[in-house]
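Below is one structure, written out as structure tokens; comments come after it.
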Amino acid sequence: MSRILQPIFNLLRLVLSQAIVLGGFVIVQRMGWRLPLGLFEILLIQGVFSALIGRLLGLWWFWVPVQILLPFAVVYNEVVPAWAYGLAFIACVLVFWNGAKEQVPFYMTNRQTWNAISGLVSRENAKSCADLGSGTGGIVIYLAKAHPGVRVDGYETAPLLTLISKLLVAMNRRPNSAIRYKSLWDAELSQYDLVYCFLSPVPMPGLYEKAKAEMRKGTLLVSNSFEIPGVTPLDVLEVHDARQTKLFLYRF
């Protein structure tokens with residue numbers, strides 16, 4: 001599936017999972033069964049079962065609270081103050097900042113891929129790594145824990161994600177990890193043995209030119225899901241996860 005279309009498919013999965021549960025309630029009502037439940041319990045069941053179905057349909061875990069809260073938001077729409085929607089909008093802007101600014105959506109790397117990247121760090125005997133577009137810092141913290149002798153830097157420009165990841169890195173107290181509030185285009189790639197990214201098709205040609213100009217001979221660029229157009233990767237590592245993730249490896 002194209003990663004550009006993924007947000008649309010996610011919304012379709014969300015609507016479908018909500019519709020399936022709602023359809024179940026309609027069938028129960030048509031059959032004349034009366035559920036001894038109040039409005040709160042019905043909305044909670046709608047949200048929880050929709051979240052479970054959404055997971056079965058392939059929605060990531062962070063859609064779970066959205067699924068659970070959505071029925072309440074619809075029913076109590078008139079009760080929710082206007083400032084709450086404004087606050088939610090601001091939060092979305094601060095999280096999905098790069099989607100409009102650099103055409104890089106917010107993708108989260110799963111744990112199976114963390115393990116695969118960790119294996120590459122060991123195989124390459126890397127002493128320094130970078131995650132370009134580090135989000136909430138999960139892979140930075142994971143690699144720093146798994147490889148105490150390796151310096152791991154994350155680069156992120158979405159304000160809220162940067163704040164969250166900096167707090168998480170500080171809480172984990174890993175002196176070999178850091179989050180830098182800096183664009184990937186301003187990162188000096190020559191200081192890293194392995195560079196990881198999970199971006200979009202749009203920046204890949206430019207990133208390749210930057211990496212070719214800055215990365216040292218023998219170092220490795222790892223791209224999650226997105227190939228560099230016109231460049232044959234050294235290898236393609238398949239991650240056996242639900243999304244069938246592919247890691248494209250480029251040697252310089």
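Starting from 1, each residue takes its place in the sequence as its number.
No side-chain donor-acceptor contact under 3.5 Å links Thr157 to the backbone of Ser183. Side chain of Lys210 to main chain of Leu189: no donor-acceptor pair is present (N/O by atom type, distance under 3.5 Å, no hydrogens or angles). With Asp131 contributing its side chain and Gly138 its backbone, the two residues share no donor-acceptor pair below 3.5 Å. Under the 3.5 Å distance criterion, the side-chain polar atoms of Asn176 are left unmatched by any main-chain donor or acceptor of Gly149.
In this structure, Arg251 places its CZ atom where more than 12 heavy-atom neighbours from other residues, nucleotides or ligands lie under 6.0 Å away.
Contact of the Gln112 side chain with the Thr245 side chain is not registered, since no non-hydrogen atoms from C-beta on lie closer than 4.5 Å. For the pair Ser134/Ile179, a side-chain contact is recorded, criterion being any heavy-atom separation below 4.5 Å from C-beta on. In this structure the side chain of Leu237 reaches within 4.5 angstrom of the side chain of Leu120, judged on heavy atoms. Put simply, the side chain of Leu207 reaches to within 4.5 Å of the side chain of Leu132, judged on heavy atoms. Lys182 places none of its side-chain heavy atoms less than 4.5 Å from the side chain of Leu184. Annotation: side chain of Tyr196 is in contact with side chain of Leu247 (closest heavy-atom distance under 4.5 Å). Under the 4.5 Å side-chain criterion, counting only non-hydrogen atoms from C-beta, Trp185 is in contact with Pro203.
Under the rule for a ring pair (Phe, Tyr, Trp, His ring centres under 6.0 Å), Phe248 has no partner lying at least two apart in sequence or in another chain. For the ring pair (Phe, Tyr, Trp, His ring centres under 6.0 Å) test, no residue two or more places apart in sequence or in another chain qualifies with Tyr250. The ring pair (Phe, Tyr, Trp, His ring centres under 6.0 Å) test applied to Tyr208 returns Phe252, not counting sequence neighbours.
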**Request:** Evaluate the criterion side chain to side chain donor-acceptor pair (under 3.5 Å) for residue pair Asn110 and Thr113; output intermediate values, then yes/no.
**Result:** CA-CA 5 Å; Asn110 58 40; Thr113 307; 2.7 Å; yes

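Between Arg180 and Glu188, none of the side-chain N atoms (NZ, or NE/NH1/NH2) sits under 4.0 Å from a carboxylate O, so this pair counts as no salt bridge.
Looking at Gln18 and Ser50, their side chains do bring a donor and an acceptor atom within 3.5 Å of each other. For Gln67 and Ser17, the side-chain atoms include at least one donor-acceptor pair closer than 3.5 Å. There is no side-chain donor-acceptor pair under 3.5 Å between Asp186 and Tyr155.
Heavy-atom minimum distance, Val239 versus Ala116: CG2-CB, 4.0 Å. The nearest pair of heavy atoms linking Ile45 to Phe25 is CG2-CZ, 3.7 Å.
Checked options Val152, Leu220, Leu143, Asp193; the residue passing with Val121 is Leu143 (criterion: side-chain contact (heavy atoms from CB on, under 4.5 Å)).
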